[in-house]
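Below: one structure, written as structure tokens.
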Amino acid sequence: MESWIERLKEILPEKRVMTDLADRYSYSFDASFGEYLPDVVVQPQQKSEIVSILKLANLHKIPVYPRGQGTCLSGGPLPVYGGIVLDMSQWPKTIDLRPEDLIVSVSPSVLTADINKAAEEHGLMYAPDPSSAHVATIGGNLAENSGGPRGLKYGVTKDHVIGLEVITPEGEIIRTGGQTIKNVTGYDLTKLIVGSEGTLGVITEATLKLMPKPPAVQTMMVSFDKVRSAGEAISKTLTSGILPSKMEFMDQACIQAVENFKPIGLPVEAAAIVIIELDGHPETLKIERKLVEDIMKKIGATDIIIPKTEKDADEIWHARKQVSPAIAQIKPTKVSEDATVPRSKIPDLIERLQVIKEKYDVEIVVFGHAGDGNLHPNVLCDKRDHEEMARVEQAVGEIFEAAIELGGTLSGEHGIGTMKAPFMEQELGEIGLDMMKRVKEAWDPNGIMNPGKIFAEKSQKLVLRNE
């Protein structure tokens, strides 16, 4: 081991090659579960450095784990087999915005929210808006194909990427896609790499689409005394010809948690609320708001709140963003999932979650981007209680099974990583999973890029306990 680590110190300045236990431990975990200690952490700042690192890793068959800010909820950057953590957060930050072409080129270390801030200076926006945008890097968003509330109308990360610069696992620099909106030259390697969770290469630059920022927005908060009614109202709205930019769901446990955490006057007696944002021309919004109100009343809404000022609207959306910290006050550990189903199946999934909650005697709260079927069932627990965590593992497994049985998917935006790998064959089938493995083997013949992710080892199970 010492020989290849010494070689790393020749490739990079010694201060960017970290071998102390305290430094390595800092990179042994992310925002999910599990701790794995790397042998070394490196902080490259030039393409030539990554090229040399990957060539060295191939020579010695050393695992390499690209990492951004470590906000991943599925174990994406965890160094499960030791080796090298490639910390991309220290890469020089660049945002090259070209308003006339509605595109921007960015380096992987740029915070996603900063891309949108730069675009807004030109009356534009970068549409993907994951909740962690203010702390997560675009490189991590690209690796996980992140979504966010605006995904309902504008799509997820992959829908806004037109070109990439990537260093392959064997240390070769390639460019995929380009700078044009239309590009059908050969296989779409750009879409292949986005969402590949760092298993096919290291992204060093991305060219992203921008769009004009809508001139006006309208927020609505709708209360229901039945959770199924809220789900039906979502489906009815989306089949009416109106496409909101956001459509978020919070169950009663979420509502009460947020009110206890930071009160703003949410309807704590409601079984569920749906928060809607319409965007577009002001005159169009007047018509669409009336139509949505009519739909909500017809389905059985108990209250509809239309904020009168931008500040009032911001308070409602801030309340939605407070869900995660608020529910963390209930129990110290939360398992945040993102099972996604067809929109019409949202009421069925919510009912299945209630059954799972009672069966395993666990606390489950539900919120998320209900407009595109992407719910976030959060299981609240205490990781120090091994008996409880054993029940949580079973409950999470059944949540995945329920999503798949309802025609859905394991992940809408968090990725597969280590946590969902054991369930991949249930969704894709043996042949489908094997085809993915073949792609991985062709790109990465020595298996050095982020091993232990997406593809489960034989008999691997979901484990949320430190055994």
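Each residue takes its place number in the sequence, starting with 1.
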Query raised in the report: Which atoms form the tightest heavy-atom contact between I399 and A339, and what is the distance?
Result: CG2-CB, 4.2 Å

Query raised in the report: Between K117 and E120, is there a salt bridge with N-O shorter than 4.0 Å?
Result: no

Report task. Check whether any side-chain N or O of T157 sits under 3.5 Å from a backbone N or O of S146 as a donor-acceptor pair, and report yes or no. Result -> yes

Query raised in the report: Is a salt bridge present between R67 and D30, judged by a nitrogen-to-oxygen distance below 4.0 Å?
Result: no

Query raised in the report: With a cut-off of 6.0 Å (strictly less than), are more than 12 heavy atoms of other residues, nucleotides or ligands near NZ of K9?
Result: yes

Query raised in the report: Do you know the tightest heavy-atom contact between S107 and T94?
Result: OG-N, 2.9 Å

Requested in this report: Apply the side chain to side chain contact (heavy atoms under 4.5 Å, CB included) test between S411 and each candidate in D338, N145, L73; give the one that qualifies.
Outcome: D338

Report task. Evaluate the ring planes of H369 and H376, with Trp represented by its six-membered ring, and classify them as parallel (under 30°), tilted (30 to 60°) or perpendicular (over 60°). Result -> perpendicular

Requested in this report: Using a strict cut-off of less than 4.0 Å between a Lys/Arg side-chain nitrogen and an Asp/Glu carboxylate oxygen, indicate whether K331 and E388 qualify as a salt bridge.
Outcome: yes

Query raised in the report: How close do T219 and I275 get, heavy atom to heavy atom, and via which atoms?
Result: CG2-CG2, 4.3 Å

Report task. Using atom types as modelled and distance alone, determine if a side-chain donor or acceptor of D39 lies under 3.5 Å from a backbone N or O of G82. Result -> no

Requested in this report: Give a yes or no on whether a salt bridge exists between E205 and K47, defined as a side-chain N under 4.0 angstrom from a carboxylate O.
Outcome: no

Report task. Before accepting this row, confirm whether a basic side-chain N of the pair E170/K55 lies closer than 4.0 Å to the acidic partner's carboxylate O. Result -> no

**Report entry** W4 six-ring face occupied by K61 cation (under 6.0 Å, within 45°)
**Finding:** no

Report task. Could you tell me whether E441 and R438 have a side-chain N and a carboxylate O separated by less than 4.0 Å? Result -> no

**Report entry** Carboxylate-amine/guanidinium proximity below 4.0 Å for E398 and K359
**Finding:** yes

Query raised in the report: Are the aromatic ring centres of Y25 and F29 under 6.0 angstrom apart?
Result: yes

**Report entry** Short N-O contact, E248 and R320, less than 4.0 angstrom
**Finding:** yes

Query raised in the report: Just how far is it from atom OG1 of T207 to atom CZ of R175, taken to the nearest 0.5 Å?
Result: 6.5 Å

Query raised in the report: So, are K461 and E393 salt-bridged, with charged N and O less than 4.0 Å apart?
Result: no

